[in-house]
Amino acid sequence: MDATGFVGGKATDGAQWNEVINPADTAQVVGRYARSDAAEVQAAVLAAHDAFRGWAELGATARAELMLAAAGELERLAPELAPTISLEVGKVLAESVFDASGAAGLLRAFAGLADLAERELDLSDLPTSKPARAAKVRRVPVGPVAVISPWNTPVYLTFNMVAPALISGCSVVVKPPEAAPLAVTAMLHRLAELLPPGVVNVVPGTGAEAGEALTRHPLIRCVLFTGGVASGRKVLQSAAGTVKKVSLELGGNDPALVLESATVTDALLRELIAGSFSSSGQICYNIKRIYAHRSQYAEVVEGLRAMTAGLVVGDPFDSGAHMGPVTTGMGYERALRLLADSEREGAQVHRTGTRAASAKWDAGYYVDPHLVTGLPRDAELVVEEQFAPILPVLPFDTDDEAVAEANRTEYGLGSSVWSDDPAHAETVARRIEAGNTFINTHRVGASVASVPFGGMKQSGLGRNHGEHSLAACTEEHAIVHLVGDELPGIGRWMNLTTEGKAE
Ligand code: NAD
């Protein structure tokens with residue numbers, strides 16, 4: 001399968017191509033993407049610029065109708081494209097089916113927000129608006145938007161940014177992730193064909209080339225970015241030159257705090273494992289470190305060891321597998337290094353899981369699930385996002401210590417607190433510096449669509465989900481009428497008359 005650009009209503013030809021490989025068998029080329037260069041980005045931005053006004057003026061109700069019609073088409077495409085996601089990302093097929101269905105689901109969800117997307121508030125009756133003003137505040141689209149997405153859940157995370165931009169009235173230029181551009185580009189081509197030309201444009205390519213050119217472009221008014229912290233910093237820098245809006249959904253190093261008031265049941269262990277190892281540890285808000293109260297630390301570690309033994313690592317198309325390989329060569333090398341470093345630091349590195357016969361262990365980026373105990377609290381595996389199925393577990397003695405460890409990081413995306421006592425859990429949860437704190441859960445799906453999702457500290461800027469996603473794609477336009485002849489106080493001293501005198 002090839003992924004090409006789509007500009008101004010037409011698929012483009014690729015001049016230079018990069019290969020996409022199968023992480024479950026790295027000798028297998030799954031497809032290619034055409035590497036968009038600065039000239040193609042320029043053409044795509046101009047097409048988005050030309051299409052913007054018409055799309056904005058269509059009105060949110062008409063946009064919603066087109067999005068709903070497109071959702072029906074993309075829903076039909078999803079089963080066909082889910083296997084491609086497994087081939088490029090290495091996710092087990094069930095996770096890819098969920099990802100592929102995200103395109104239609106998100107178009108429908110945001111079509112349902114049409115009223116909010118063009119909300120108009122009348123502030124005339126506010127005491128602060130009187131006397132002499134009648135004010136309206138309109139939500140208006142910001143202009144052409146750049147969407148830049150990561151490979152770990154490529155379709156869902158791309159449409160999580162495309163859908164709010166479209167309902168807001170923005171045209172988009174999308175830069176899909178280079179490790180997994182195939183399925184999402186096919187979805188975007190179909191969407192682009194169903195909307196007016198230039199409303200959706202696609203520039204497959206690298207972050208350093210196409211991504212950089214997009215974020216720098218003066219006609220792009222907002223960048224919606226999901227990816228790692230290091231890339232997020234670069235996006236902020238290149239967007240600064242033209243003072244554009246930027247929404248950043250970045251990495252996380254989510255702590256899970258198992259409090260003294262929690263009973264260590266199978267259900268609790270099962271949730272911790274699902275929250276840590278889904279997608280081979282490659283979800284932004286997976287649990288990245290567990291802190292357990294010392295009174296039950298041994299029980300938690302033993303329970304995790306016993307239960308993770310049943311985690312099956314296999315080929316993504318093996319229906320018995322819970323996890324496939326990690327996605328990129330860089331991620332694979334880093335995972336092996338983190339394990340070697342942990343051993344060198346004197347930690348206990350426990351290999352767990354079950355290798356299915358379907359996994360081509362020596363041909364793919366397969367990493368066994370691991371539990372690591374006895375790490376220093378400032379080890380890289382503890383303070384940085386590992387994005388691999390390697391889970392550090394550490395003890396704590398007091399709630400104060402648990403909160404301090406949870407917050408001793410520059411990340412602040414997700415987090416969780418585990419307890420039988422909801423009041424105790426919430427007291428601790430309120431002290432955590434993170435965009436989301438879940439209580440007694442932390443698996444994918446814990447963050448529901450109406451609740452704001454995003455990061456504190458270096459995990460990001462802005463919030464996603466529902467109405468919160470509209471904030472980045474829109475501006476507030478205030479229209480203020482003068483009512484009657486009463487003039488605003490501050491201007492009174494300049495009340496001149498045509499006789500050339502002050503009143
Ligand atoms: P990445 O930052 O390497 O790449 C993300 C996207 O940014 C890609 O499309 C890439 O080409 C592009 N990019 C890279 N450098 C760029 C630049 N200088 N200018 C413009 N674009 C550039 O991230 P990744 O490896 O694809 O994804 C994994 C990371 O994403 C993890 O840190 C994960 O936690 C994070 N993530 C966050 C969320 C969230 O909602 N907060 C969701 C998923 C993933």
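Just so you know, these numbers use all the heavy atoms, side chains as well, and skip hydrogens, waters and symmetry mates. We count ligands from 1, going down the list as the structure has it; atoms in each ligand are counted the same way.
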Enumerate the atoms of ligand 1 whose separation from the nearest heavy atom of K175 is less than 4.0 angstrom.
8 (C), 9 (O), 10 (C), 11 (O)

Looking only at protein heavy atoms, what sits closest to atom 39 (C) of ligand 1 is C284 SG, 3.4 Å

Please report whether ligand 1 has a polar contact with L157, defined as an N or O pair separated by less than 3.5 Å (distance criterion only).
no

Taking everything shown except D13 itself, do over 12 heavy atoms lie less than 6.0 Å from its CG?
no

Quick check on contacts: which atoms of ligand 1 are under 4.0 angstrom from a heavy atom of N152?
43 (C), 44 (C)

Would you say that T4 contacts T185 through its side chain, given a criterion of any heavy-atom pair below 4.5 Å between the two side chains?
no

Does only the side chain of L250 get under 4.0 Å from ligand 1, or the backbone, or both, or neither? Count heavy atoms.
backbone

Could you check if a side-chain atom of Y366 sits within less than 4.5 angstrom of a side-chain atom of D315, using non-hydrogen atoms only?
yes

Could you tell me whether the side chain of L107 reaches within less than 4.5 Å of the side chain of L191, counting heavy atoms only?
yes

Short N or O distance, K288 and ligand 1, threshold 3.5 Å exclusive
no

So for K234 against ligand 1, with non-hydrogen atoms under 4.0 Å, the contacting part is side chain

Side chains of E249 and N464 only: does a donor on one sit below 3.5 Å from an acceptor on the other?
yes

Among protein heavy atoms, which sits nearest to atom 7 (O) of ligand 1, and what does the distance come to when rounded to 0.1 Å?
F225 CE1, 3.1 Å

So is G207 polar-close to ligand 1, meaning N/O to N/O under 3.5 Å?
yes

Testing the 3.5 Å rule here: is there a donor-acceptor pair between the side chains of Y33 and N18?
yes

Distance from atom 34 (O) of ligand 1 to nearest protein heavy atom, with residue and atom:
E385 OE2, 2.6 Å

State, with a plain yes or no, whether a side-chain heavy atom of E178 is found less than 4.5 Å away from one of W151.
no

Kindly confirm or rule out an N or O of T206 lying under 3.5 angstrom from an N or O of ligand 1.
no

Identify, for atom 4 (O) of ligand 1, the protein heavy atom at the shortest distance, and state residue, atom and that distance.
S231 OG, 4.3 Å

Part of E178 within contact of ligand 1 (heavy atoms, under 4.0 Å):
side chain

Examine the proximity of ligand 1 to I283 and report which part, side chain or backbone, both or neither, has a heavy atom under 4.0 Å away.
neither

Just need the protein heavy atom nearest to atom 28 (C) of ligand 1, so name the residue and atom and give the distance.
F387 CE2, 3.6 Å

Near L413, which atoms of ligand 1 are under 4.0 Å from a heavy atom of that residue?
41 (N)

Using a heavy-atom cut-off of under 4.0 Å, does the side chain or the backbone of Y285 touch ligand 1, or both, or neither?
neither

What atoms in ligand 1 come closer than 4.0 Å to a heavy atom of F453?
40 (O)

Selection from P154, G211, S279, G205 by shortest heavy-atom distance to atom 21 (N) of ligand 1
G211

Any side-chain donor paired with an acceptor under 3.5 Å for S278 and N286?
yes

How far is atom 9 (O) of ligand 1 from its nearest protein heavy atom, and which residue and atom is that?
S149 O, 2.8 Å

For ligand 1, is there an atom lying under 4.0 Å from some heavy atom of P177?
yes

Taking only non-hydrogen atoms of T226 and a 4.0 Å limit, the atoms of ligand 1 in range are 5 (C), 37 (C), 38 (C), 39 (C), 40 (O), 42 (C), 43 (C)

Okay, side chain of K175, backbone of S36: is any donor-acceptor separation there less than 3.5 Å?
no

Is V184 close to V174 at the side-chain level, that is, under 4.5 Å between some pair of heavy atoms?
no

Indicate yes or no: at least one non-hydrogen side-chain atom of L224 is less than 4.5 angstrom from one of C473.
yes

Does any non-hydrogen side-chain atom of T153 lie less than 4.5 Å from one of I283?
yes

min-distance protein heavy atom vs atom 12 (C) of ligand 1 -> I148 CG2, 3.6 Å

Which segment of S459 sits under 4.0 Å of ligand 1 when only heavy atoms are counted
neither

Starting from atom 30 (O) of ligand 1, locate the nearest protein heavy atom and write down its residue, its atom name and how far away it is, to 0.1 Å.
G227 C, 3.0 Å

Between S86 and S96, a side-chain donor and acceptor under 3.5 Å
yes

For a side-chain contact (heavy atoms from CB on, under 4.5 Å) with E475, tell me which candidate from K245, R221, R139 qualifies.
K245

Is the shortest side-chain heavy-atom distance between R63 and L166 below 4.5 Å?
no

